[in-house]
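This one's a predicted model, so the numbers in the text were calculated from it and none came from an experiment. As a basis for the values below, the full set of heavy atoms in this structure was taken, side chains included, without hydrogen atoms, waters or symmetry mates.
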Amino acid sequence: MGKKVKNYDAIVIGGGHAGTEASAVLSRMGHKTLLLTHNKQSVGQMSCNPAIGGVGKGHLTKEIDALGGLMARAADLAGIHLKTLNASKGKAVQATRAQADRNLYKQAIQSQLKEHTNLSLAEGAASKVLLEGDALRGIETESGERYYSKKLVLTVGTFLNGVIHTGREQISGGRKGDKPSIVLAKQLLEISPRTGRLKTGTPPRLLRSSINFGLLQEQAGDIPRPVFSFISSRADHPEQVSCYITHTNEETHKIIRDSLKDSPLHTGAIEGVGPRYCPSIEDKVVKFAEKTRHQIFVEPEGLDSKEVYPNGISTSIEAEKQEEFVRSIVGFENAEITQSGYAIEYDYFDPRDLNPTFETKTIKGLYFAGQINGTTGYEEAAAQGLIAGINAGLAINDKDPWVPERSEAYLGVLSSDLITRGTSEPYRMFTSRAEHRLLLREDNADLRLTPTGKKLGIVSEERWSAFNHKSEVFNKEKKRLDQTHIKASDLAGLSQKHQKDNNKKQAYQFLKRPGVTYATITKAVGVRGGYNKEPEILRESIDSLIETEAKYEGYVNKQKREIEKHKTNSNTELPRDIDYSTMPGLSNEIKQKLTEFAPKTIGHAARIEGVTPASLSVLLVHLKKQKMKKAEGL
């Protein structure tokens with residue numbers, strides 16, 4: 001009996017956060033798409049911490065949502081503890097975070113995928129990329145099945161040569177219970193030889209009933225709750241529960257220090273680099289020896305789950321010692337470990353070997369997305385899957401690629417950081433990575449990106465209709481405040497100095513003053529007719545957006561002018577045949593980097609680590625001279 005042969009417009013390997021976003025967006029673009037995964041039941045699984053969002057990560061999630069993605073909607077349908085982080089700081093760094101019910105989140109992702117009519121799911125372990133020369137033909141599984149396509153998105157996470165470490169024990173796997181992709185990893189080394197090893201880890205899971213929550217500090221979610229998706233409401237949220245805080249102590253640290261002789265991080269068994277901003281408890285105890293305690297955020301795994309996730313004590317020391325140090329922690333004295341913590345070491349490929357579309361430079365039609373590119377985190381993976389899927393879909397239709405700019409979205413910051421700078425440690429998104437973060441807030445992600453999503457054909461009519469309605473209500477209210485004139489004396493909350501100003505001004509302009517809120521203004525000018533009939537979450541969103549737009553207006557306009565000023569130079573193309581090695585005024589290091597990266601524009605060159613403004617001036621002078629020589633030759 002012959003093996004199955006199937007043809008698709010695009011194939012996506014891996015059912016994690018990158019793979020689900022990539023396959024879904026390809027389907028929304030009208031392409032017949034196959035999602036190939038080890039196990040259909042694990043599609044959308046949260047393999048580590050059951051949470052979505054946070055500073056930088058929440059921004060990415062909102063942007064994915066603005067482009068019709070799955071993640072934010074699933075976070076609302078599964079969110080059992082929602083908070084706005086940095087609520088006391090400016091809007092640019094405020095971020096939404098949802099603790100999710102692990103099973104509800106997976107169900108929400110799978111349910112959304114079922115609505116994508118062009119998408120098929122198949123089980124199988126990808127073992128070989130099918131090639132004819134350097135042309136992509138499809139994928140072959142370990143069982144010999146072949147699926148054909150000219151576009152392939154690989155989102156294999158931690159499964160490439162994955163090794164799980166617990167103490168001195170090592171087993172092959174991409175996560176507990178799943179096999180690694182070893183054969184595929186060997187072939188990919190031939191396609192993209194620049195590779196490295198990274199490490200990630202997970203804490204032991206604890207039996208909820210064995211914890212004394214009375215000794216822990218309770219952390220309730222926010223009231224009112226934030227909502228993640230631009231098309232969700234609070235009614236979408238399931239039952240809400242609390243998280244809890246406890247801390248390690250000096251006894252805990254002593255047990256861990258005494259166990260280091262068998263820790264793979266300290267015996268040399270693990271060579272991969274771990275995430276700097278989410279270190280294991282062993283790393284914390286060693287590197288921050290002066291600290292007498294470290295915080296543990298005790299997070300529920302789900303409403304019906306018997307387990308909790310003790311965020312902050314990721315570890316790979318031997319299982320017996322894990323139980324000993326866990327039971328030294330307040331509230332965990334009788335804790336039962338349901339699954340030991342472990343570290344995973346895996347291969348990643350240098351993202352500098354990718355085009356800005358996440359297509360590999362060596363094989364046309366082959367895209368890499370997610371942890372295979374050296375990132376960490378669900379949100380970073382989903383963002384890459386979305387960009388890779390969009391560009392694979394555009395390429396199928398012979399359309400120009402879509403590469404978001406750094407000034408346009410955190411999606412652009414992520415992609416340009418990876419493609420131009422690469423990474424030597426698991427890459428994580430932070431708001432500090434963005435030069436224009438006043439423009440790239442969570443609250444305006446839909447205003448920035450949903451129109452683009454409509455043009456790309458990836459936004460549903462329901463979402464587009466909701467966006468247009470929100471825009472209409474926002475513009476009407478802003479126009480009303482622009483056309484309504486009031487005196488300072490009409491407002492409460494102004495300083496005595498400002499109260500003396502009796503000149504009438506636009507109500508909108510008063511919002512720029514310290515102490516004046518949207519609520520302050522509406523007390524003076526009233527609420528627009530019909531506005532209270534709008535859904536509660538929409539009113540709150542528009543109230544906040546109007547106030548933020550007013551207060552940030554001066555700073556935002558300044559950033560926009562700076563962006564426009566640099567755009568002309570940034571878009572200046574660099575010839576393919578340019579010889580940097582002979583160019584005077586450049587250091588040998590910069591010559592080497594420019595030759596290696598071969599930037600397409602001045603803007604791309606500017607984002608290469610080590611390339612200075614002075615170097616960019618040398619390039620611009622060189623291009624000007626070449627242009628003058630050509631003109632003289634004519």
Exercise for the section: Determine which pairs satisfy side-chain hydrogen bond (donor to acceptor under 3.5 Å, both in side chains) with at least one residue from residues 220-235, sequence neighbours left out, and list them in order. Expected result: D65-S229, R73-S232, D76-S232, K83-D222, R225-H237, R234-E536, R234-E540

Practice task
Just grab all the ring pair (Phe, Tyr, Trp, His ring centres under 6.0 Å) pairs involving residues 66-102, residues at least two apart or on different chains.
Solution key: none

Side chains of [X] and [Y]: closer than 4.5 Å at any heavy-atom pair?
X: K284; Y: K291; answer: no
X: R102; Y: S305; answer: no
X: H17; Y: E21; answer: no

Any donor and acceptor pair, going by atom type alone, linking the side chain of [X] with main-chain N or O of [Y] inside 3.5 Å?
X: D101; Y: L104; result: yes
X: Q322; Y: I317; result: yes
X: H59; Y: A92; result: yes
X: E380; Y: M429; result: yes
X: R293; Y: T246; result: no
X: E442; Y: T96; result: yes

Problem - Partner of I52 under side chain to side chain contact (heavy atoms under 4.5 Å, CB included), chosen from M46, R97, K57 - result: M46

Fill in the blank from the handout: With L67 as partner, the option from L411, I387, V25 fulfilling side chain to side chain contact (heavy atoms under 4.5 Å, CB included) is L411

On a heavy-atom basis, which atom in [X] and which in [Y] lie closest, and how many Å separate them?
X: T292; Y: E250; answer: CG2-OE2, 3.2 Å
X: Y378; Y: C48; answer: OH-N, 2.8 Å
X: Q219; Y: F297; answer: CG-CE1, 3.9 Å
X: N249; Y: S328; answer: ND2-O, 2.8 Å
X: L303; Y: V241; answer: CD2-CG1, 3.7 Å
X: I372; Y: A369; answer: CG2-O, 3.5 Å

Handout entry: F213, CZ atom: more than 12 neighbouring heavy atoms under 6.0 Å
Key = yes

Practice task
For atom CD of E333, decide whether the heavy atoms of other residues, nucleotides or ligands shown that lie under 6.0 angstrom number more than 12.
Solution key: yes

Exercise for the section: In sequence, state the C-alpha distance, the side-chain angles, and the governing distance for F368 and V156, and then conclude on side-chain contact (heavy atoms from CB on, under 4.5 Å). Expected result: CA-CA 9 Å; F368 287 174; V156 288; over 6 Å; no

Exercise for the section: Begin from the C-alpha positions of E408 and R448 and carry the test side-chain contact (heavy atoms from CB on, under 4.5 Å) through to its verdict. Expected result: CA-CA 7 Å; E408 185 180 5; R448 289 185 279 116; 5.8 Å; no

Handout entry: Lys/Arg N to Asp/Glu carboxylate O, R406 vs D417, below 4.0 Å
Key = yes

Exercise for the section: Show your working on side-chain contact (heavy atoms from CB on, under 4.5 Å) between H116 and L70 and close with a plain yes or no. Expected result: CA-CA 11 Å; H116 290 69; L70 314 178; 4.0 Å; yes

Practice task
Begin from the C-alpha positions of S242 and E218 and carry the test side-chain hydrogen bond (donor to acceptor under 3.5 Å, both in side chains) through to its verdict.
Solution key: CA-CA 7 Å; S242 292; E218 184 174 3; 2.6 Å; yes

Exercise for the section: Quickly, which of E307, E336, E301 forms a salt bridge (Lys or Arg N to Asp or Glu O under 4.0 Å) with R205? Name it, please. Expected result: E301

Handout entry: Nearest-0.5 Å distance, OH of residue Y518 to CG of residue D543
Key = 4.5 Å

Problem - R433 to Y427, cation-pi by 6.0 Å centre distance and 45° axis angle - result: yes

Practice task
Start with the C-alpha gap between T248 and F325, add the side-chain angles, then the distance that decides, and say whether side-chain contact (heavy atoms from CB on, under 4.5 Å) holds.
Solution key: CA-CA 9 Å; T248 62; F325 91 67; 5.9 Å; no

